[in-house]
Each structure stands twice: as C-alpha cells, then as structure tokens.
Amino acid sequence: VVSWTSMVAGYAKNGYCDQALDLFHEMQLAGIEPNVISWTALIAGYVHSGRGHDALVMFCRMQKAGITPSSITVANVLSACIASGALKQGKEIHSYVIRSGFESNVVVGTELLNFYSKFGRIDNACHIFDRMPERDVVLWTGMIGMCTKNEYSVEALKLFREMQLAGVKPNTFTITSALPACAHLAVLHHGKEIHGYIIRRAFGINAIVGSALISMYTKCGSVEDARRVFDIINRRDVVIWTVMIAGYAMHGHGEEALNLFILMQQEGVKPDHITFVGVLSACSHAGLVNEGWQHFNLMSQEYQITPRVEHYACMVDLLGRAGRLDEAWDFISRMPLEPS
RNA sequence: AAUGACGGUACAU
C-alpha cells in the first residue's frame, strides 16, 4: 500500500491528477485496497489543480468505500469546498469536524477559518479562531489576512501585536498579510514599524515582501521610501514594476511612471492587465493624452491584453480631464463592454 | 506515503 500510495502522491503533487487516478485504479485491480492516506493524496491532488469539484466527488467515493476521513482529509476537503464554492458541503464538514473531535486540530481550524473567510462569514471565522486552544503562526497569519482582505485594518494590526505578546513570531507570510492594513489606514509609522521588524529579523526582501512594502509606502504617501525599496530589489517581477508604476501614477508623476514602464520592457518583464491600469492612470493624472492612446493601443497590439472596464475608465477619465468630451463620448459609444 | 497562511488595479468629489 505504501509504495502504491507514494506513487499516487507523486503524480498528484505534480499536477498529474488523471495519471494519479489511473494508478489508483491499477492499485485496486492489483488487489491492494487504498487506505485513508491513498485517498487523501488523490483528493489533495485535485485540490492543488484547482479541481475542487472532482476532489469532492473522490471524497464521496471514499466514504462509500467505508474509509473514515482523517484530519488531513478533512482539511483538504475544506479546500475543495473553497475551490468549488461549496458552502453547504463545507458546513457539513464543519459539523463532522465537531462530531469527530478534530475541532482543536490547528490545521483543520486554519482551513475552516479560510473557508468561512472565503465565503465572507467573518463571524464564523472569528469564532473558529477564538476557540482554538493552540494558535500557531499559520493560524494567526490566516486570521490577519482575513482582516486585511475585509479592511478590518485596525484589528489586523492589533492581532499582529497580540500574536507577538502570545509568543508567536511573525514570519514573512504574516508580514505580507499585515502590510496592506497599514496601506489601507495610510498611517506611515505603522508601515515603518513593520519594515523595521523585517530588518530586525533579517528577513530578506524578496519580490513578495518588496511589493507589499512598495505598495504600502506609496499608499502612505511616501514615494521616496517606496523607491528606496524598489532600488534594493534585484529580481523584479511584474508585480514589483506594477506597484512602483502605480505609485508614481497615484502621486501624479506621469513621466516617472512612463520611464519605468520603458525600463521594465527593456528588462524583458512582460506587463499584464494591472500594469496597464497603472500606466493609463499615470497618463490620466498627468494629462498625457497622446501617450494614453499609445499605451491603450500597445496593450492589445503588442501584448494581446483585451482592455477591461478599468482600462476604458482610465481612458474616459483621461479624455474627460483633457476637455475632449466629444472624443470621450465617441470612445464610450464604441466600447465593446457595458459602461458601468 | 497524504495536510493549512503571503504581494499589485478605476475609485471617488
């Protein structure tokens, strides 16, 4: 069973769910009964490939086969419910969690928190968090992330302090979950405190931490601090470039933003649809009508990005601000999308 | 041999 299961797990982990399932069937044909670990490996594979529904189907089959789910199975099935939008089934799992005594399991608890968070059931998620006997860094981070996503920024920062008082050390995941709260509150010293914490703990500044910092600094009004972070990052991905461009745009530095956009292309980083929101908003804020048109066209012609509502909105704003109301109206009437 | 948390967009007067 162990060798078969490790092979199934190997396929499943690397995104080959269908091959994993074939192997699973072969295993059964060979007269080996899959155990809870084999089933869970298969379910986890579907979850990781974003095939939540298929994972739930497998879970049903597993129960029909008379296999009792473990806490790890339950955690994966909750992920499957998140991936497939299955609120009702997730709630059933929650009651199973209570019946089977997995309530105090921190991995299951984290997944339940994510589940309720995903469905906007913040009270339920808080309830899970509150009655967790042991809270590790992942649970705290999940809770902080939920608060920031729902713009409970004061609570998020409070939790960030509380976890440290409880003796749990934040890691870079925690930091990138907490930084958007500082950005949302636009209180520079909160953000600087967390930046200081990053330095004290000697965490490196990778692309994820870097973009969270740059975004925070621009939203807190300090393009200078943002630029300092930007300059020390050696491997800049599309998000890093985008947040810096959007930061300049936000502060009306259109030229700077467009210069960065050129540099980004020279470095071979491909802009995506969000980059273009930044670029177009830079043109809009700086009144650069011609540049706006150029970049709007560049988006679809060079990068095969279909303009979305945000892009059209930027263009309308740009034309409107420039007093070109006829052109703006003409543009709106030609849009392939519903004006909002 | 199976398990959980992380970064960027247009919004509004």
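Chain A is the first sequence line, chain B the second, and so forth, proteins listed ahead of strands; every chain is numbered from 1.
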Problem set entry | Exercise: do A:Asn171 and A:Thr174 side chains pair donor with acceptor under 3.5 Å | yes

Exercise. Judged by modelled atom types alone, do A:Ser117 and A:Asn114 share a side-chain donor-acceptor pair under 3.5 Å?
Worked result: no

Exercise. Run the side chain to side chain contact (heavy atoms under 4.5 Å, CB included) check on A:Val1 and A:Met27 step by step: do they pass?
Worked result: CA-CA 8 Å; A:Val1 192; A:Met27 168 181 183; 4.0 Å; yes

Exercise. Hey, does A:Ala12 reach any base, or is it just sugar-phosphate, or nothing, if we go heavy atoms under 4.0 Å?
Worked result: nothing

Problem set entry | Glycosidic class, syn or anti, of B:A10 using a 90° window around 0 | syn

Exercise. With no hydrogens and no angle check, do the side chains of A:Arg201 and A:Tyr197 hold a donor and an acceptor under 3.5 Å apart?
Worked result: yes

N/O contacts under 3.5 Å, protein versus nucleotides 9-12 of chain B?
from	atom 1	to	atom 2	distance (Å)
B:U9	OP1	A:Lys219	NZ	2.6
B:U9	O2	A:Glu310	OE2	3.1
B:A10	N7	A:Cys314	N	3.1
B:A10	N6	A:Ser284	OG	3.4

For this session: Could you tell me whether A:Ser38 contacts a base, only the sugar-phosphate backbone, or nothing, with contacts defined as non-hydrogen atoms closer than 4.0 Å?
Result: nothing

Problem set entry | Euclidean distance, atom CE of residue A:Met62 to atom C1' of B:A2 [Å, nearest integer] | 10 Å

Problem set entry | Output field: ring centroids A:Trp4/A:Phe24 closer than 6.0 Å | no

Exercise. Which part of the nucleic acid, if any, lies within contact of A:Ser70, taking any heavy atom under 4.0 Å across all strands shown: a base, the sugar-phosphate backbone alone, or nothing?
Worked result: base

Exercise. Salt bridge between A:Arg228 and A:Asp225, side-chain N to carboxylate O under 4.0 Å?
Worked result: yes

Problem set entry | Proximal nucleotide (of B:G7, B:U3, B:A1) relative to the A:Ala9 side chain | B:A1

For this session: Decide, yes or no, whether a salt bridge links A:Asp136 with A:Lys169 under the criterion of side-chain N to carboxylate O below 4.0 Å.
Result: no

What pairs of nitrogen or oxygen atoms, one from the protein and one from nucleotides 4-6 of chain B, lie under 3.5 Å apart?
from	atom 1	to	atom 2	distance (Å)
B:G4	OP1	A:His48	NE2	3.3
B:G4	O2'	A:Asn114	ND2	3.3
B:G4	N1	A:Asp136	OD2	2.8
B:G4	N2	A:Thr110	OG1	2.8
B:G4	N2	A:Asp136	OD1	2.9
B:G4	N2	A:Asp136	OD2	3.0
B:G4	N3	A:Thr110	OG1	3.4
B:A5	N1	A:Asn171	ND2	2.8
B:C6	O2'	A:Thr176	OG1	2.4

Problem set entry | Under the salt bridge (Lys or Arg N to Asp or Glu O under 4.0 Å) test, residues paired with A:Arg161 that sit two or more places apart | none

